[in-house]
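Heads up, the thing below is written out as structure tokens.
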Amino acid sequence: MKRIRIHEEYCIGCRLCEINCLVKHSRSGKIIKAFRGEEPRSLPRVRVEEEGYLSFALQCRHCDDAPCLENCPTGAMYRDEETQAVLCDEDKCIGCWMCIMSCPLGVIQRERKTKKVASKCDLCRGEEIPVCVKNCPNEALAYE
Amino acid sequence: MSDIKTRYLLVGFSVAGWWCARAIRERDRNGKIVALTKENGVYSPPLITYYLGNKVSTIDYRSGWMENLDLELVPGGEAKKLERENNRLILASGESFVFEKALIATGGLPIVPPIPGREVTGVFTLTTPRDMQEIREFMKFQEGERVTILGGGFIGLKTAEAFMELGVKITLVELANRLLQNMVDERGSYYLEKALERAGLEVIKEDTVSEFQSREGKLSGALLQSGKYLPGNLAVVAIGVHPNIDWLQGSGIELGRGVIVDEFQESKRAGIFAAGDVAETKNLITGERNVVAVWPEAVKQGKIAGENMAGNRLSYPGSLPVNTVSVGEVTLVSAGLVNPPAGDFEFLTTVSDDSYRKLVLKDGYLVGVILVNRIEKAGVYINLIRQKVKVESFKDRLLKEDFGMINLPAEYRKHLVEGASIEV
Ligand SMILES: Cc1cc2nc3c(=O)[nH]c(=O)nc-3n(C[C@H](O)[C@H](O)[C@H](O)COP(=O)(O)OP(=O)(O)OC[C@H]3O[C@@H](n4cnc5c(N)ncnc54)[C@H](O)[C@@H]3O)c2cc1C
Ligand code: SF4
Ligand code: SF4
């Protein structure tokens with residue numbers, strides 16, 4: 001499968017990936033509305049971590065033996081047959097947070113929608129290139 | 001009746017059995033697998049309380065994946081006896097199976113202490129779909145507006161959560177001086193108790209039910225040791241589970257609290273493995289033998305048993321108690337040694353009005369964690385415990401606001417991000 005490769009040496013910590021991810025996963029898909037008009041505001045599913053001069057953007061690795069999937073008691077966390085991405089079926093999700101407890105990278109968040117659900121990178125379902133990769137000005141993320 | 005022959009026999013087909021079957025199939029496409037389950041289908045135990053609380057519409061577990069497993073499921077197939085000299089198992093129905101490799105994964109049974117009146121109508125346990133159906137039926141015909149839950153452990157709390165959804169008045173009775181006594185400390189319990197109180201639930205600690213009183217065979221109330229009386233016609237005993245091993249008496253399998261297994265999940269009888277809530281394994285941190293009855297360990301043990309049954313030789317690093325509970329407005333995560341015995345343990349904590357985090361270190365390694373409400377990094381901490389990563393050099397950063405992968409040693413971080421199983 002194609003995965004997002006992280007090049008921490010190129011990351012400048014600008015957080016454009018976070019902004020684009022948030023907008024992509026908002027209800028309107030529009031930047032101003034997503035930040036100003038939607039309550040609760042959507043969460044970015046990629047996170048820029050920083051320490052001193054070092055920074056990188058981190059999102060789900062869609063692990064082969066994904067512990068989040070193995071430990072999900074509802075089957076909400078599943079692997080897409082076609083893309084091999086690990087995705088959360090929000091209808092099935094009960095917000096038990098077994099997945100959060102299991103992810104070694106800490107990249108799943110609790111999101112309040114009509115109910116509380118697990119929120120994580122979905123490789124921008126259907127997009128050819130995930131928006132974090134597409135909008136990184138310095139090629140610190142690559143999709144290959 | 002003549003024997004049915006199979007290469008693999010899975011006795012119990014829930015979490016451990018399911019993941020065992022999957023692991024077998026990864027290595028052996030064709031070997032025959034027979035899976036027995038006492039219940040009617042394959043279900044997810046944690047969904048039982050959610051179903052009772054009308055939060056999910058099915059308790060099925062990954063039924064869509066069953067075809068790929070290509071196994072013969074025997075619903076209602078209750079194992080009765082394992083012969084001492086042969087690899088032969090007999091069911092309650094009289095059917096018998098002869099196997100090459102077997103997995104014992106019969107899970108746990110609820111503990112019901114000998115409280116007078118425990119057999120009257122209205123006193124339940126809640127660990128199986130049948131229990132759940134019985135409670136539903138019972139509530140249809142009762143004014144069941146009030147429930148007493150005995151046990152403030154994690155099944156007790158899950159039960160409380162279900163009844164909260166149903167708008168029933170709940171009293172939770174716990175013998176210890178805190179709730180979730182194995183998962184949190186007194187401070188952790190304090191946040192939980194506050195949240196329960198806000199949700200309108202009554203918590204009584206350091207007390208227990210001394211008698212279930214009844215009228216015409218039906219529960220009328222619970223009398224507590226303290227003399228307090230809780231009227232009501234519904235009670236749930238939820239003080240824990242113990243390994244379901246009685247049926248193995250006389251089988252030559254070594255039994256302690258559970259089925260004693262080695263690091264390959266194999267019992268003392270070669271070719272017979274055990275995994276999940278029925279298995280007694282070594283604790284990852286203390287090295288003591290114990291039964292850790294939680295989902296993630298059932299998956300891990302099941303997978304290792306499956307690999308090894310199909311010819312591999314993988315070892316299980318040891319069991320780690322891990323769990324998470326959300327009730328009312330509070331969410332808790334706990335892992336490892338959270339209330340260590342006296343000794344040179346180091347504690348790192350942060351405390352605020354609505355959150356609490358506690359890390360327990362020993363010799364520079366993380367060995368336990370409690371998180372109240374701020375749980376997003378739970379998996380990172382738990383993995384540091386599992387992988388035995390020395391945290392001494394960055395321990396001052398572990399509880400920082402923006403703690404993340406970036407604070408971990410570069411090799412470990414890169415291993416996780418680019419490691420064998422997790423490609424970038
Ligand atoms: C209400 C509830 C909520 C839970 N919530 C959580 C949670 O949030 N997080 C968590 O980590 N864990 C939770 N658990 C615990 C978790 O479900 C167990 O750790 C896990 O199910 C263990 O799996 P297992 O396969 O070992 O056994 P079980 O799931 O107990 O399955 C045992 C299987 O054996 C079968 N069986 C029993 N006796 C026989 C026999 N004689 N012959 C043939 N088959 C037999 C049963 O039919 C069943 O299929 C919860 C448990 C319950 C009951
Ligand atoms: S959420 Fe975490 S555990 Fe799950 S696939 Fe992604 S990186 Fe792996
Ligand atoms: S929070 Fe949702 S996706 Fe995560 S384990 Fe629970 S049900 Fe599965």
Side-chain angles (χ1 to χ4, degrees), chain A residues 1-8 11 13 43 47-52 54-56 58-79 84 91-110 115-116 119 141-144, chain B residues 15 19 22 44-47 50 55-56 58-65 158 294-296 298-300 302-303 322-326 331-335 371 375-384 386-387 397 400 402-407 410 413-414 416-424:
Chain A
M1 77 176 281
K2 274 193 168 183
R3 311 217 192 204
I4 298 177
R5 188 174 282 277
I6 301 169
H7 294 291
E8 59 185 47
C11 177
L43 299 173
R47 186 181 64 238
V48 175
E49 297 193 355
E50 272 181 282
E51 190 175 63
L54 181 65
S55 66
F56 54 73
L58 183 70
Q59 63 291 83
C60 165
R61 303 286 90 200
H62 303 277
C63 311
D64 286 344
D65 285 313
C68 62
L69 186 158
E70 291 178 350
N71 294 335
C72 170
T74 61
M77 210 55 102
Y78 71 103
R79 191 177 296 279
Q84 296 297 306
D91 290 338
K92 278 194 185 167
C93 177
I94 52 172
C96 68
W97 318 131
M98 290 284 285
C99 52
I100 292 187
M101 199 179 76
S102 311
C103 173
L105 278 70
V107 292
I108 307 177
Q109 299 176 83
R110 295 178 282 174
K115 58 177 181 177
K116 289 181 189 161
S119 165
L141 292 172
Y143 193 50
E144 26 186 70
Chain B
V15 185
W19 286 93
R22 222 173 116 90
S44 169
L47 294 185
Y50 288 90
K55 277 200 150 169
V56 293
T58 170
I59 57 167
D60 273 5
Y61 182 60
R62 300 206 186 262
S63 47
W65 292 8
K158 294 265 170 189
V294 293
W295 182 293
V299 172
K300 286 196 170 58
K303 283 172 70 178
V322 287
N323 219 329
T324 169
V325 170
S326 304
T331 302
L332 293 136
V333 169
S334 158
L371 303 174
I375 64 154
E376 260 73 19
K377 298 295 159 58
V380 180
Y381 297 125
I382 292 172
N383 213 47
L384 289 171
R386 282 199 198 279
Q387 303 296 327
R397 274 162 284 176
K400 263 188 356 170
D402 58 352
F403 166 74
M405 297 298 289
I406 202 154
N407 302 115
R413 187 175 82 219
K414 293 207 162 147
L416 265 187
V417 176
E418 302 178 11
S421 72
I422 315 175
E423 287 168 42
V424 191

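Computed over heavy atoms, backbone and side chain alike; hydrogens, waters and symmetry mates excluded. Each chain gets a letter, A, B and so on, in the order the sequences are listed, and its residues count up from 1.
For Asp91(A) against Lys115(A), the heavy-atom pair with the smallest separation is O-NZ, 2.9 Å. Shown here for Ile108(A) and Cys68(A), the closest heavy-atom pair between the two residues is CD1-CB, 3.9 Å. Across every non-hydrogen atom of Arg5(A) and Glu144(A), the tightest pair is NE-OE2, 2.9 Å. Closest of all the heavy-atom pairs between Leu47(B) and Pro73(A) is CD1-O, 3.9 Å.
Heavy atoms of Val299(B) lying under 4.5 Å from chain A belong exclusively to its side chain. If you measure heavy-atom distances from Thr324(B) to chain A, the contacts under 4.5 Å come from both the backbone and the side chain. For Cys96(A), the parts sitting under 4.5 Å from any heavy atom of chain B are the backbone and the side chain alike. When heavy atoms are compared at a cutoff of 4.5 Å, Pro296(B) approaches chain A by way of both its backbone and its side chain. Heavy-atom distances place both the backbone and the side chain of Ile375(B) under 4.5 Å from chain A. Heavy atoms closer than 4.5 Å to chain A are found nowhere in Thr58(B), neither backbone nor side chain. Looking at Arg47(A), only its side chain comes within 4.5 Å of chain B, counting heavy atoms on both sides. At a 4.5 Å heavy-atom cutoff, Arg386(B) makes no contact with chain A through either its backbone or its side chain. Proximity to chain B (any heavy atom under 4.5 Å) is shown, for Ile100(A), by both the backbone and the side chain. For chain A, the nearby part of Val333(B) is the side chain; its heavy atoms alone come within less than 4.5 Å. For Cys72(A), the parts lying under 4.5 angstrom from a heavy atom of chain B are both the backbone and the side chain.
Side chain of Arg61(A) to backbone of Ile4(A): a donor-acceptor contact under 3.5 angstrom is found. Checking side-chain atoms of Glu49(A) against main-chain N and O of Ile406(B) turns up a donor-acceptor pair under 3.5 Å. Glu8(A) places no side-chain N or O within donor-acceptor distance of the main-chain N or O of Leu54(A), the cut-off being under 3.5 Å. A donor-acceptor pair is defined here as one N or O able to donate and one able to accept, closer than 3.5 Å; no such pair exists between the side chain of Arg110(A) and the backbone of Trp97(A).
The greatest number of non-hydrogen atom pairs below 4.5 Å with chain B, out of Lys92(A), Glu50(A), Lys116(A), is found for Glu50(A). Ranking Lys2(A), Met101(A), Glu51(A) against chain B, the residue ahead of the rest is Met101(A), based on heavy-atom pairs under 4.5 Å. Heavy-atom pairs under 4.5 Å with chain A were tallied for Asn383(B), Asp60(B), Asp402(B); the largest tally goes to Asn383(B). The candidate from Glu70(A), Gln109(A), Met98(A) with the greatest count of non-hydrogen atom pairs under 4.5 Å with chain B is Glu70(A). With chain B as the partner, the residue from Leu58(A), Leu69(A), Val107(A) showing the most heavy-atom pairs under 4.5 Å is Leu69(A).
In this structure, Trp295(B) and Tyr61(B) have perpendicular ring planes: the angle between them is above 60°, well past the 30° mark.
Under the 4.0 Å criterion applied to side-chain N and carboxylate O atoms, Arg22(B) and Asp65(A) are not assigned as salt-bridge partners.
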